[in-house]
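Working notes, structure below.
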Amino acid sequence: MEFGLMTFADAAPETVPGKGINAHQRIQDLLEEIKLADELGIDVFGIGEHHRPDYAVSSPTTVLAAAAAITKNIKLTSAVTVLSSEDPVRVYQQFATVDAISSGRAEIMAGRGSFIESFPLFGFDLNDYDQLFEEKLDLLLQINRSEKVNWSGKLRAPIHGLGVYPRALNGEIPVWLAAGGTPASAVRAAKLHLPLMLAIIGGMPRQFTPFIDLYKKSALENGVKPEDLQVGINNHMFIGENGEKAADDFFPYYAQMMDRVGRSRGWQPMSRDQFEYMRTPEGSLMVGSVEQVVEKILYEHRLFGFTRFFAQASLGFVPHEMTMKSIELFATKVIPEVKRRLEIEN
């Protein structure tokens, strides 16, 4: 099983018009987080793509390339690439370049994204939301499989026998499909033999067991071998030496982040009671002590049998020092204990 970290690189909107002061600091901090994760032996680091004033990264591959130059072992992936509003040729070329810089450590996590700002920004029609993703995913996978491409669709110009360069170092770049829990996404990933990443950012994880079961069943029916099944789970996480102090320290930042996102989606402001409900042993929020987080990862592993666990452990406007300490505890305390306990259970 692999353990990873991911972030959307939340950053306070700029206070000086036309300047990128806050984004600059956030990206510098982010590179320190990735370097620490690599030094501590974490398997993979993912960076999200957004086009909003409250997130610092609109080009994950640029940051991943910078990270590739200062790390040695950690896999580097998007989380996610908003494929519907990207050009698959450029996506492949950019990740193949990251792959070259990192000596074969690049991955792509493709998804539709949780925001829609990129559609008007790049001139796409939201009425084509589903078809854009289907066509572009098909093209990306063809490019990944073959140096020369013959492809045609309805929403992009065709490609007739053209090569796409550079190529990935070790053949194909690993491509994961990110999903939010819709059955169609599970079936799509299964039919395409793609690993599936599910984000659980609210509610009770057990409600997603039918979704994961559907993916595994569909994958096996479509020729995926049981030993080749790959499932990833992503949760919000913050770890402290003392569980209650960690919750007290983290809650203001977490509530601010959830309320910021929720205002455009009609969510009620987050209360401390809701926060604590999500922190219960069967809840989705992994905030607390090392032992509390270990127990919750093991609980979800029993539910889903995942092969990759992603902690969104750098989120909101949490101070950099707090994030670095949480990452250190995840790498040095949580991961070894989860592995030890899983060996005993198996």
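Position 1 is the first residue of the sequence, and the numbers go up from there. Because the structure is a prediction, the values reported are computed rather than measured.
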Can you spot which of Lys191, Arg188, Lys154, Arg112 makes a salt bridge (charged side-chain N to carboxylate O under 4.0 Å, His left out) with Glu134?
->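 Only match with Glu134 under salt bridge (charged side-chain N to carboxylate O under 4.0 Å, His left out): Arg188.
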Rounded at 0.5 Å granularity, tell me how far [atom1] in [X] sits from [atom2] in [Y].
| X | Y | atom1 | atom2 | result |
| --- | --- | --- | --- | --- |
| Glu117 | Tyr55 | CD | OH | 9.5 Å |
| Gln94 | Asp99 | CD | CG | 13.5 Å |
| Glu300 | Glu282 | CD | CD | 11.0 Å |
| Ile108 | Glu86 | CD1 | CD | 10.5 Å |
| Lys72 | Arg105 | NZ | CZ | 10.5 Å |
| Phe238 | Gln312 | CZ | CD | 14.0 Å |

Salt bridge (Lys or Arg N to Asp or Glu O under 4.0 Å) involving Arg26 - partner list, sequence neighbours excluded =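 Partners of Arg26 under the salt bridge (Lys or Arg N to Asp or Glu O under 4.0 Å) test: Glu33.
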Got a sec, which residues hit salt bridge (Lys or Arg N to Asp or Glu O under 4.0 Å) with Lys148, two or more places apart in sequence or on another chain?
->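 For Lys148, no residue satisfies salt bridge (Lys or Arg N to Asp or Glu O under 4.0 Å) once neighbours in sequence are set aside.
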Going only through I, L, V, M, F, W and Y residues with side-chain contacts under 4.5 Å, is there a path from Met322 to Met237?
->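 No, Met322 does not connect to Met237 through the hydrophobic network.
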Could you walk me through whether Leu315 and Phe8 pass side-chain contact (heavy atoms from CB on, under 4.5 Å), step by step?
-> CA-CA 7 Å; Leu315 72 168; Phe8 292 163; over 6 Å; no
Student check: side-chain heavy atoms of Arg308 and Trp176 closer than 4.5 Å =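 Yes, at least one pair of side-chain atoms sits under 4.5 Å.
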Would Phe124 and Tyr129 count as a close aromatic pair, with their ring centres under 6.0 Å?
->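 Here the rings of Tyr129 and Phe124 have centres that are no less than 6.0 Å from each other.
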Taking the six-membered ring for Trp and the single ring otherwise, decide whether the centroids of Phe115 and His51 are under 6.0 Å apart.
->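 Centroid distance Phe115-His51: not below 6.0 Å, so no.
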Under the ring-ring contact (aromatic ring centres under 6.0 Å, His included) rule, collect the residues that match up with Phe317, sequence neighbours excluded.
->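 With neighbours one apart ignored, the set is empty.
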Given Leu177, which of Leu192, Leu194, Leu198, Leu83 fulfils the side-chain contact (heavy atoms from CB on, under 4.5 Å) condition?
->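 Going through Leu192, Leu194, Leu198, Leu83 one by one, the side-chain contact (heavy atoms from CB on, under 4.5 Å) with Leu177 is satisfied by Leu194 alone.
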Verify whether one side chain among Ser326 and Thr323 offers a donor that lies under 3.5 Å from an acceptor in the other.
->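 The answer is no; no qualifying pair exists.
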Chi angles and distances behind the side-chain contact (heavy atoms from CB on, under 4.5 Å) call for Glu2, Thr307 = CA-CA 6 Å; Glu2 292 183 313; Thr307 58; over 6 Å; no
Going through the checks in order, is the side-chain contact (heavy atoms from CB on, under 4.5 Å) test met by Met270 and Met257?
-> CA-CA 10 Å; Met270 172 160 285; Met257 178 197 71; over 6 Å; no
Specify whether Tyr254 and His236 have parallel, tilted or perpendicular ring planes, treating 30° as the upper limit for parallel and 60° as the lower limit for perpendicular.
->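 Judged by the thresholds at 30° and 60°, the geometry between Tyr254 and His236 is perpendicular.
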